[in-house]
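Chain naming here is simple, since letters A, B, ... match the order of the sequence lines and numbering starts at 1 in each.
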Number of protein chains: 2
Amino acid sequence: MKISAQEEYGLRCLVQLANLPSGESLTLPQIAEREGISAANAGKLMWLLNKAGFVNSTRGTKGGYFLARPADDIYLNEIIKVLDEDVLSSHCDSYTGVMDKCVHTGDCGIRPVIVGLHEIVENALSRITLAQMVGNEKTVDAMFHSIQGINRTIEPQRV
Amino acid sequence: MKISAQEEYGLRCLVQLANLPSGESLTLPQIAEREGISAANAGKLMWLLNKAGFVNSTRGTKGGYFLARPADDIYLNEIIKVLDEDVLSSHCDSYTGVMDKCVHTGDCGIRPVIVGLHEIVENALSRITLAQMVGNEKTVDAMFHSIQGINRTIEPQRV
DNA sequence: TCAATTCATTACTTTTTAGTCAAGATTGAG
DNA sequence: CTCAATCTTGACTAAAAAGTAATGAATTGA
């Protein structure tokens with residue numbers, strides 16, 4: 001399982017904008033420099049995020065990008081769905097309810113695993129906002145522990 | 001976030017072997033046919049799984065592949081780590097504790113998200129064995145609900 | 001022994017993802 | 001009005017993942 005470069009860096013760029021004092025904006029070279037990527041690459045990511053309505057931009061001198069909505073109204077699951085197909089996807093499309101591509105019409109050992117993983121990821125990401133990601137690492141950390149810490153020892157497991 | 005073809009089909013092939021009556025084995029064409037992939041492709045996957053000690057094989061007539069260990073002693077997190085880099089990986093390598101590639105040395109909004117996701121995926125997969133995946137979809141389904149159902153409404157969320 | 005069957009391994013091709021480049025369009029400053 | 005800064009967009013290139021092919025080695029059965 002992988003988080004794609006597009007997901008990770010798209011999200012990082014949004015966090016940079018969320019960090020900004022109200023009214024300010026960042027140019028592509030500024031965003032790029034802060035995330036260690038090229039301005040061209042940042043441009044492509046911002047283009048996606050702009051189309052999807054997460055950011056707005058102004059051109060010309062003093063131009064740049066800024067959030068189109070308040071950071072506490074932007075949830076991670078929404079962002080990831082714009083930067084990739086879904087919060088979790090695979091060749092097995094069982095999580096969509098369609099299942100076109102699969103040879104397994106009846107019972108399938110894989111399906112509940114993929115559906116279950118999709119569900120826990122969607123569940124976790126739908127509880128995190130951009131606002132929670134700026135500043136202090138502890139906030140997001142606590143959320144993850146709240147949604148699973150209790151169950152740590154319910155079932156047998158091998159790590 | 002994506003489950004790679006190698007992960008999905010490698011796992012599928014193992015499930016086919018786990019379905020087998022004790023003492024029997026499957027040839028590459030048989031595995032391939034049951035999963036809708038080519039025999040060459042199946043061969044590559046089985047080669048990986050063989051190297052990693054999950055399956056054994058015999059050559060020649062009547063040859064084929066079979067599980068090297070009991071299905072109830074093979075956990076999903078172990079399998080996935082053989083078929084991919086880790087249960088969840090990304091350019092940000094914070095989940096490894098090393099963090100070579102990253103420009104963010106101090107506080108980072110992304111890190112706790114990646115660490116948290118890695119943890120919940122590892123946690124879930126370390127509770128599922130190959131044996132639980134054969135036969136009835138309900139078993140795995142119940143596990144996923146047991147590790148998160150309780151918390152469904154703890155925090156605000158948007159889906 | 002010999003031939004058919006089957007796995008083992010490496011090299012190659014195709015497809016997808018990632019990243020770069022360049023020409024065009026808009027804005028603000030002077 | 002003109003120029004420089006900046007975003008916009010599509011085409012292009014590079015890298016990684018996925019899939020195919022082919023050659024070699026081991027086993028079985030006649």
Side-chain angles (χ1 to χ4, degrees), chain A residues 1-13 16-17 24-33 35-68 80 82-86 89-92 101, chain B residues 1-13 16-17 24-33 35-68 80 82-86 89-92 101:
Chain A
M1 245 162 116
K2 281 209 167 71
I3 297 173
S4 70
Q6 186 156 292
E7 288 172 292
E8 176 174 342
Y9 283 103
L11 184 53
R12 285 186 183 283
C13 294
Q16 289 297 343
L17 297 187
E24 294 192 17
S25 63
L26 288 178
T27 67
L28 286 178
Q30 286 174 328
I31 295 171
E33 200 261 326
E35 290 304 338
I37 59 179
S38 72
N41 199 351
K44 206 177 195 175
L45 296 170
M46 296 315 288
W47 180 60
L48 278 173
L49 293 166
N50 194 340
K51 274 200 310 178
F54 291 111
V55 305
N56 282 138
S57 62
T58 53
R59 294 202 256 204
T61 315
K62 304 279 181 189
Y65 293 92
F66 51 94
L67 290 185
I80 297 299
V82 163
L83 295 168
D84 203 344
E85 198 178 328
D86 198 336
S89 57
S90 73
H91 179 275
C92 170
K101 299 174 282 190
Chain B
M1 247 163 115
K2 280 209 167 72
I3 297 174
S4 69
Q6 186 157 290
E7 289 173 292
E8 176 173 341
Y9 283 103
L11 184 52
R12 284 186 183 284
C13 292
Q16 288 297 343
L17 298 187
E24 294 192 18
S25 63
L26 287 178
T27 67
L28 287 177
Q30 286 173 327
I31 294 171
E33 201 261 325
E35 290 304 337
I37 59 179
S38 71
N41 199 350
K44 205 177 195 174
L45 295 170
M46 297 314 290
W47 180 59
L48 278 173
L49 294 167
N50 194 342
K51 276 200 309 180
F54 290 111
V55 305
N56 282 138
S57 63
T58 53
R59 293 202 256 205
T61 316
K62 304 279 180 188
Y65 293 91
F66 50 93
L67 290 184
I80 296 300
V82 162
L83 294 168
D84 204 343
E85 199 179 326
D86 199 334
S89 57
S90 72
H91 179 275
C92 169
K101 299 174 282 189

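Nearer the 5' end of DNA chain C, as judged by each residue's closest nucleotide, is the contact made by B:Y65, out of B:Y65 and A:T61. Remark on DNA chain C: of its neighbouring residues A:G60 and A:S38, the 5'-side contact belongs to A:S38, judged by nearest-heavy-atom nucleotide. DNA chain D is contacted by both B:T58 and A:T58; A:T58 maps to the nucleotide lying nearer its 5′ end (nearest heavy atom per residue). Both A:W47 and A:K2 lie near DNA chain D, and the one whose nearest nucleotide falls closer to the 5' end is A:W47.
Note on B:I37: nothing from the nucleic acid sits closer than 4.0 angstrom, heavy atoms only. Contacts of A:L26 with the nucleic acid, taken as non-hydrogen atoms under 4.0 Å apart, involve only primed sugar atoms and P, OP1 or OP2. Using a 4.0 Å heavy-atom criterion, one finds that A:G64 contacts the sugar-phosphate atoms exclusively. Heavy atoms of A:A5 sit under 4.0 angstrom from primed sugar atoms or phosphate atoms, though from no base atom.
Candidate nucleotides D:dT8, C:dT20, C:dC7 were compared by shortest atom distance to the side chain of B:P29, and C:dC7 ranks first. Candidate nucleotides D:dC7, C:dA18, C:dC7 were compared by shortest atom distance to the side chain of A:S57, and D:dC7 ranks first. The listed nucleotides are D:dT20, C:dT20, C:dC7; the one nearest the side chain of B:A40 is D:dT20. Each of C:dC7, C:dT17, C:dA29 was ranked by its minimum atom distance to the side chain of A:K62; first place goes to C:dA29. Side-chain atoms of B:R59 lie closest to C:dC7 of the nucleotides C:dC21, D:dT8, C:dC7.
Residue A:K44 places a side-chain atom within donor-acceptor reach of the base of C:dG19, judged by atom type and a 3.5 Å distance cut-off alone.
Between A:Y9 and A:N41 the shortest side-chain heavy-atom distance does not fall below 4.5 Å. Within the 4.5 Å cutoff, the side chain of A:M46 has heavy atoms near those of the A:L17 side chain.
When the C1' atom of D:dA17 is taken as reference, atom CE of A:M1 falls 18 Å away, rounded to whole Å. Atom-to-atom, CD1 of B:I31 to P of C:dA8 comes out at 11 Å; the value is rounded to the nearest Å.
With a 6.0 Å radius and a threshold of 12 heavy atoms from other residues, nucleotides or ligands, B:Q16 has its CD atom above the threshold.
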